[in-house]
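Just below is one structure, and these are the notes that go with it.
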Protein chains: 2
Amino acid sequence: MTFSRPVEDEVDRLVAAWKQERPDLDVTPLEVLSRVSRLSRHLERERRAAFASHDIESWEFDVLTALRRAGEPYELSPGALLRATLVTSGTMTNRIDRLAAAGLVTRRPDPEDRRGVLVRLTPAGMHRVDTAFADLLRRERELLAGLEQHEQQALAALLRTLLVPFDTSDGAAH
Amino acid sequence: MTFSRPVEDEVDRLVAAWKQERPDLDVTPLEVLSRVSRLSRHLERERRAAFASHDIESWEFDVLTALRRAGEPYELSPGALLRATLVTSGTMTNRIDRLAAAGLVTRRPDPEDRRGVLVRLTPAGMHRVDTAFADLLRRERELLAGLEQHEQQALAALLRTLLVPFDTSDGAAH
DNA sequence: ACGATTTATCTCGACGTCAAGATAACGGAG
DNA sequence: CTCCGTTATCTTGACGTCGAGATAAATCGT
C-alpha cells in the first residue's frame with residue numbers, strides 16, 4: 001500500500017488562501033469544480049499544441065469528429081452538431097462556413113425538411129480527422145499515465161454522475 | 001448497498017459511437033478527459049447565469065477573487081494575476097483596464113520595480129466579489145449534491161493527480 | 001384549411017481572447 | 001560600469017464566440 005505524499009496543486013493553495021481569508025465559508029466545492037475548470041483549460045492548450053502539427057484547429061476538430069462518429073454517410077444537421085459541441089447556433093453556422101470553404105465538409109439542403117440542411121464530411125475531412133484523432137489519443141493517454149486503470153475508471157464514473165443532469169435535461173444551446 | 005443503474009451521459013454515447021466506427025482505437029482516455037472538458041463547459045454556463053444577478057461577469061470574478069484571496073492589502077501584480085487565471089498577458093491588461101474603469105480595482109506603479117505595477121481591490125470591488133462568491137458556492141454545492149462527501153474527496157484527489165504536472169512545471173501563460 | 005406556435009438555420013454587431021511584438025527596466029558577468 | 005539576456009507589462013490586429021433577432025418552414029389544434 002502506498003501513502004499519498006503531500007503533493008500540492010494550485011487548487012490546494014487556492015483553497016488554503018480562502019480558508020485564511022474567509023474562515024466562515026465552506027469552500028470545499030472548489031476542491032472539485034475549480035480543478036475541473038483549471039484542468040479543462042490546460043487540456044485545451046495541449047489540444048491546440050497537438051493539432052498544430054496536423055494543420056487543424058481545435059474547433060475544426062470538434063465538428064469533424066462529430067461527423068466522423070456519426071458513421072456512414074458521415075452526415076448531420078447543424079442542430080445535431082451544435083448539441084454535440086456545446087456551442088451556439090451562430091457559432092456553428094460560422095464554423096460550417098469555414099469548413100466548407102476549406103473543402104472538409106459540404107452542405108446540402110435536407111430533402112425531408114426544407115428548413116434544414118445536412119453537413120457531410122468530405123474524404124479530405126475524413127482523412128484529416130482520422131490522423132489528428134490518433135495523435136490526440138496518444139497524447140491524452142500520456143496525460144492520464146499518472147493514474148492506474150482502475151483509478152481512471154473511478155474518475156470517469158464520478159464525473160459521469162456530475163454530468164448526467166446536464167446531459168439529461170436538454171442542455172441544448174440556442 | 002446500492003447498485004449503480006446504467007445511467008448514461010453524452011460521453012457514454014460518444015465513446016460507444018467511436019467503438020462502432022473505429023474499433024481499432026482505444027478511446028478510453030475520452031472517458032475521463034472528454035468529461036472534464038464537457039463538464040467545464042457546462043459549469044461556465046452555470047457561472048454566467050449565477051453572476052448575472054450580481055451584475056458581475058465571469059472574467060471579472062476570476063480577477064477579483066484572486067485579489068480577494070491574496071489578503072491584505074488585496075494587491076497583486078498583473079503577472080501574478082495572469083498565472084492565477086490562466087489567461088495571457090494581453091487579456092489581463094485588457095481586463096485590468098476595464099475593472100479599473102468600473103472602479104473595482106486601482107492600478108499603481110510598483111515602488112520596488114519600475115517595470116511593474118500593482119493592482120489593488122477597491123472597497124467596491126471587495127463588496128462585489130464577496131457577495132457573488134457566497135452565491136457561487138451555494139450553487140456549486142447543489143451541482144455536487146449527487147456525490148457523497150467521501151466521493152467528492154476521492155474525485156478531488158484524482159483530479160489533483162492530473163493537475164499536479166501542470167501546476168508544477170511552470171504552466172505560466174506568456 | 002387557417003392561424004398560432006414551435007423548430008431550424010442564418011445574419012450581424014459587440015465583445016473577449018490570443019499571439020506576436022514593442023517598450024522599458026532589472027540583474028548578473030566581466 | 002556597461003553590456004546583454006531576462007523579466008514585466010502593454011499594444012495591436014486578427015479571430016472566434018455569443019446573443020438577439022430575422023426568416024422560413026413544419027406542426028398542431030380547431
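The sequence lines fix the lettering, A, B, ..., with proteins before strands; numbering per chain opens at 1.
At the phosphate of D:dG16, OP1 or OP2 sits under 4.0 Å from a side-chain N or O atom of A:Arg98. Here A:Arg41 reaches the OP1 or OP2 of C:dC18: one of its side-chain N or O atoms lies under 4.0 Å away. For the pair A:Thr88 and D:dC18, the criterion of a side-chain N or O lying under 4.0 Å from OP1 or OP2 is met. Contact between the side-chain N/O atoms of A:Ser89 and the OP1/OP2 oxygens of C:dC10 is not found at any separation under 4.0 Å. Put simply, A:Arg48 has a side-chain N or O that comes within less than 4.0 Å of OP1 or OP2 on C:dA19. Regarding contacts with the backbone of D:dC10, a side-chain N or O of B:Thr93 is found under 4.0 angstrom from either OP1 or OP2.
A:Ile96 places its CD1 atom 12 Å from the P atom of D:dT17, with the value rounded to the nearest Å. The nearest whole Å value for the distance from the CZ atom in B:Arg95 to the P atom in D:dT9 is 16 Å. B:Leu81 places its CG atom 13 Å from the C1' atom of D:dA8, with the value rounded to the nearest Å. Rounded to an integer number of Å, the gap from CD of A:Glu44 to P of C:dG16 is 20 Å. If you take CZ of B:Arg83 and C1' of D:dT7, they are 10 Å apart, rounded to a whole angstrom. Remark: P of D:dC15 and CD of A:Glu57 are 10 Å apart, rounded to the nearest angstrom. Taking atom CG of residue A:Asp97 and atom C1' of nucleotide D:dC15, one finds them 15 Å apart after rounding to whole Å. Summarising the geometry, the separation between CG on B:Asn94 and P on C:dA14 is reported as 17 Å, rounded to the nearest angstrom.
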Test A:Leu104 against A:Met126 for side-chain contact (heavy atoms from CB on, under 4.5 Å), laying out the working first. CA-CA 8 Å; A:Leu104 302 177; A:Met126 178 106 155; over 6 Å; no

Working note: B:Arg47 + B:Ser58, criterion side chain to side chain donor-acceptor pair (under 3.5 Å); need CA distance, chi angles, decisive distance, verdict. CA-CA 7 Å; B:Arg47 275 163 55 97; B:Ser58 208; 3.3 Å; yes

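In the helix from C:dA1-D:dT30 to C:dG30-D:dC1, the rotation axis of the first five pairs and that of the last five pairs differ in direction by 30°, rounded to 10 degrees.
Cation-pi geometry between A:Arg98 and A:Trp59 is satisfied (NZ or CZ under 6.0 Å from the ring centre, within 45° of the ring normal).
Paired with B:Glu31 under the rule side chain to side chain contact (heavy atoms under 4.5 Å, CB included), one option of A:Arg160, A:Gln152, A:Gln153 passes, and it is A:Arg160.
Checked by atom type, the side-chain pair B:Thr91/B:Thr88 shows a donor-acceptor distance below 3.5 Å.
With contacts defined as side-chain heavy-atom distances shorter than 4.5 Å, the pair A:Val105/A:Val119 qualifies. Looking at heavy atoms from C-beta onward, A:Leu14 lies in side-chain contact with B:Arg69 at the 4.5 angstrom threshold. Put simply, the side chain of B:Glu140 does not reach to within 4.5 Å of the side chain of A:Val32, judged on heavy atoms. A:Asp130 places a side-chain heavy atom less than 4.5 Å from the side chain of B:Arg22.
With distances taken from any side-chain atom of B:Thr91 to the nucleotides D:dG16, D:dC10, C:dC18, the minimum falls on C:dC18.
A heavy-atom distance below 4.0 Å to DNA chain C is reached by these residues of residues 100-117 of chain A, ordered by number: A:Arg107, A:Arg115, A:Gly116, A:Val117.
Taking CG of A:Leu25 as the reference point, atom CZ of B:Phe133 lies at 6.0 Å (rounded to 0.5 Å).
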